[in-house]
Amino acid sequence: DAKTTQPNSMESNEEEPVHLPCNHSTISGTDYIHWYRQLPSQGPEYVIHGLTSNVNNRMASLAIAEDRKSSTLILHRATLRDAAVYYCILLFNYGQNFVFGPGTRLSVLP
Amino acid sequence: NAGVTQTPKFQVLKTGQSMTLQCAQDMNHNSMYWYRQDPGMGLRLIYYSASEGTTDKGEVPNGYNVSRLNKREFSLRLESAAPSQTSVYFCASSKRLAGTEQFFGPGTRLTVL
């Protein structure tokens, strides 16, 4: 099964950009790359997803490498409310075998 | 528009007891999911339902059963609870499988003594 690897933790200063990396070297052509985040004591929250092209929404940007073996979630201006665990997930085989890894715990310093 | 709701929020069971976790969504989504999250870990998929009338096993289905009662509701049953099933359980829904956003409920914190 295709898996993702992310750093265990990262730190950022408030109001600075944050780049959260994710490696998925065994990704297949039909796998979507999804990012979710989980605030303490809450369910995960969707952030962004993409297939091949870079994507932007009001929360973040997703940069996907040309070979699709890695991606980067970009928070343009971190706030204290962005402190959370961020999960990079591949949704493959048309929905079977959803796999959440341990994610990256982002700390935002005031 | 409540999104995804789960009941109960908290539950304590004794080993061997049974219970059903309820989940409902009001977004007219086709697909629904049950996950568990152990302390300090990511989520693991227990079962999912691609559409009304279908259910499939996920990564960790042993010890659980599910019912897709209708398009809105997807329940998770523990027939004989074990301490290893102590976890936080999340229900989620999406318009369809893969490529679409999943919406999560607030979770049920289950302790099995």
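All values below come from the heavy atoms of this structure, side chains included, with hydrogens, waters and symmetry mates left out. Residue numbers start from 1 in every chain, and the chains themselves are labelled A, B, ... in the order their sequence lines are given, proteins ahead of strands.
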If you count every heavy atom of other residues, nucleotides or ligands that lies below 6.0 Å from [X] atom [atom1], does the total exceed 12?
X	atom1	answer
D67(A)	CG	yes
R77(B)	CZ	yes
R68(A)	CZ	yes

Using the rule that Ile, Leu, Val, Met, Phe, Trp and Tyr join whenever any side-chain heavy atoms are under 4.5 Å apart, tell me whether I27(A) and L20(A) fall into a single cluster.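 The answer is yes; both residues are in one hydrophobic cluster.
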Please report the shortest heavy-atom distance between Q37(B) and Y87(A), naming the atom on each side.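 That closest heavy-atom pairing would be NE2-OH, 3.1 Å.
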Do you know the tightest heavy-atom contact between Y46(A) and Q102(B)?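 What the structure gives for the nearest pair is CB-O, 4.2 Å.
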Q38(A) side chain reached by F104(B) side chain, heavy atoms, under 4.5 Å: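 The answer is no; the side chains never approach within 4.5 Å.
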